[in-house]
Colleague: 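Take a look at the following structure, please.
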Amino acid sequence: MYKLLFDLVFKKMDPEKAHHLAFFWIRLAASVPGLRQLVRLVLAPRDPKLRTAALGLDLPGPFGLGAGFDKNGIGIDGLAMLGFDFVEIGTVTGEPQPGNPAPRLFRLVEDRALINRMGFNNQGSARVAARLKARQHTTSTPVVGINIGKTKVVPETEATEDYLKSTRALAPYADYLVVNVSSPNTPGLRNLQAVQVLGPLLWDVRKAADEVTHHHVPLLVKIAPDLADEDIDEIADMALHLGLDGIIATNTTIGRDGLLADPARIEEIGMGGLSGAPLKERSLEVLKRLRARTEGRLTIVSVGGIETAEDAWQRILHGADLVQGYSAFVYQGPFWMRRVHKGLSARLRASGHPTIADAVGTAKSV
Ligand SMILES: Cc1cc2nc3c(=O)[nH]c(=O)nc-3n(C[C@H](O)[C@H](O)[C@H](O)COP(=O)(O)O)c2cc1C
């Protein structure tokens with residue numbers, strides 16, 4: 001049914017407009033008394049066996065929505081209603097900003113992929129914090145991660161202060177906090193992945209988060225798939241050294257290899273981060289590398305090219321404590337989460353592992 005809707009409506013629309021329309025419907029459904037519970041009942045039934053713990057949090061399952069879909073935290077309940085076990089909002093920057101000029105989101109349907117150069121369009125840390133504060137007393141509160149990044153106009157040398165502004169405003173409302181240094185769409189941002197810069201930045205964010213909260217807010221860093229393998233190892237070592245809680249791998253890629261789409265079209269689209277199916281292989285590779293290096297001492301959230309329950313299950317077996325998806329949600333629609341959960345549940349039961357957490361990183365013995 002969603003395929004029909006996608007082919008007849010969304011595919012013909014500008015991708016960003018389609019996103020806003022779909023997100024509007026999701027929020028509308030979640031705001032109608034009774035409907036939210038009904039939709040949730042249909043789309044989000046979960047096997048209690050999928051319940052898992054990670055980052056000191058109790059989650060109904062391991063499968064969350066990646067950052068970027070809900071940049072401003074306006075539709076958290078609607079997204080949880082559709083079945084995501086946790087929702088990562090953002091990227092939020094210190095200051096509000098419009099992002100890059102449109103068009104800035106493109107579909108490569110034949111590749112089941114997206115290219116985006118949104119450029120962190122968001123309402124800024126103060127406004128998003130006020131929104132999260134206002135929903136503190138709502139009854140349904142899924143686990144919410146907050147992903148923070150650098151405001152475009154802030155020079156790289158002043159990046160820390162911008163991240164700290166977001167941290168101070170948002171950490172009190174975060175179940176976990178993510179320092180995003182891996183978007184290809186903010187000039188210079190990925191330079192912050194160099195460990196000499198990243199280490200002090202994460203250290204300062206950690207301190208600032210501790211100053212504004214009474215409890216430990218888990219802190220993670222989100223990395224790019226385009227890093228060299230040695231850089232991944234260095235970041236893993238640094239994360240362990242700093243006592244970071246986890247790593248999210250990966251963000252979108254600047255690579256364009258192996259695409260089926262017409263090269264002229266890809267050329268015409270131009271700059272941006274590629275996500276979806278073409279990212280699958282590299283994202284899995286990065287996960288394996290991180291797991292080998294950290295041996296279960298860090299929480300790893302694997303994201304990039306996850307389309308099926310089998311994809312998610314393979315990530316878990318190869319060391320992901322949690323998984324996330326974004327692009328496949330666009331292509332597969334609101335029943336996607338249900339399918340993934342059902343498939344995960346079947347695989348977990350067939351594996352003989354009592355819980356998801358027991359299955360994490362067991363790939364070699366399976
Ligand atoms: C339109 C779009 C916007 C995104 N915006 C962000 C963002 O603001 N911050 C971020 O950390 N990742 C962002 N991402 C990256 C996703 O969170 C995810 O890491 C990436 O898309 C790979 O997962 P996927 O293959 O399941 O889409 C965005 C992805 C897309 C497609």
Side-chain angles (χ1 to χ4, degrees), residues 14-20 22-23 63-73 79 84 86-93 97 99-100 102-108 111-125 128 145-152 163 166 176-186 189-190 192-193 220-226 247-255 269 272-284 286-287 300-308 311-312 315 320 322-332 336-337 340:
D14 165 73
E16 191 173 347
K17 287 209 176 86
H19 166 82
H20 287 304
F23 198 17
F63 177 38
L65 175 63
F69 191 94
D70 186 358
K71 304 241 185 211
N72 297 306
L79 294 163
F84 287 109
F86 60 104
V87 176
E88 188 170 311
I89 68 162
T91 293
V92 183
T93 52
Q97 59 181 22
N100 289 323
R104 52 192 182 174
L105 177 59
F106 308 86
R107 295 187 204 99
L108 303 180
D111 290 295
R112 306 188 306 281
L114 300 170
I115 291 178
N116 91 82
R117 52 167 172 273
M118 304 300 291
F120 296 164
N121 52 309
N122 81 106
Q123 297 170 344
S125 55
V128 175
I146 306 181
N147 178 309
I148 59 173
K150 184 184 82 67
T151 307
K152 185 177 179 184
Y163 279 95
S166 297
Y176 68 86
L177 198 63
V178 184
V179 170
N180 179 11
V181 282
S182 47
S183 164
N185 301 316
T186 296
L189 188 85
R190 294 167 19 135
L192 301 175
Q193 288 177 122
L220 298 90
V221 63
K222 183 165 178 178
I223 62 171
D226 309 315
I247 298 183
I248 303 191
T250 65
N251 214 315
T252 56
T253 175
I254 54 170
I269 289 171
L274 174 73
S275 60
L279 196 53
K280 194 176 302 208
E281 203 181 313
R282 178 60 185 158
S283 175
L284 179 60
V286 174
L287 166 66
I300 305 178
V301 183
S302 183
V303 52
I306 294 177
E307 298 180 288
T308 62
D311 292 337
R315 301 298 168 99
L322 299 172
V323 295
Q324 291 178 325
Y326 183 151
S327 301
F329 180 37
V330 173
Y331 286 109
Q332 299 195 40
W336 180 51
M337 290 66 83
V340 171

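The model shown is predicted, which means the values in this text are computed figures rather than measured ones. Every number for a ligand or one of its atoms is a count from 1 in the order of the listing.
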Colleague: Aromatic rings Phe84 and Phe329: how do their planes relate, parallel, tilted or perpendicular, breaks at 30° and 60°?
Modeller: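 Ring orientation, 0 to 90° scale: perpendicular.
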
Colleague: Using side chain to side chain contact (heavy atoms under 4.5 Å, CB included) as the criterion, list what pairs up with Ser183, not counting sequence neighbours.
Modeller: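 Listed in chain order: Phe120, Asn180, Asn185, Leu189, Asn251.
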
Colleague: Under a strict 4.0 Å criterion on non-hydrogen atoms, which protein residues are in contact with ligand 1?
Modeller: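 Within 4.0 Å of ligand 1, the protein residues are Gly66, Ala67, Gly68, Lys71, Gly90, Thr91, Leu105, Leu114, Asn116, Phe120, Asn147, Asn180, Lys222, Thr250, Asn251, Thr252, Ser275, Gly276, Leu279, Val303, Gly304, Gly305, Gly325, Tyr326, Ser327.
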
Colleague: For Ala113, give me all partners under side chain to side chain contact (heavy atoms under 4.5 Å, CB included), at least two apart in sequence or on another chain.
Modeller: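 By the side chain to side chain contact (heavy atoms under 4.5 Å, CB included) rule, Ala113 matches Leu108, Asp111, Leu274, Pro278.
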
Colleague: With a 4.5 Å cut-off on side-chain heavy atoms, are Gln193 and Ser182 touching?
Modeller: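 Ser182 vs Gln193: side chains touch.
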
Colleague: Among residues at least two apart in sequence or on other chains, which ones pass side chain to side chain contact (heavy atoms under 4.5 Å, CB included) with Ser125?
Modeller: Val92, Lys165, Ser166, Ala169, Leu170

Colleague: Provide the closest heavy-atom pair for Gly119 versus Gln97 in the form atom of the first, atom of the second, distance.
Modeller: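 So the two residues come closest at O-NE2, 3.3 Å.
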
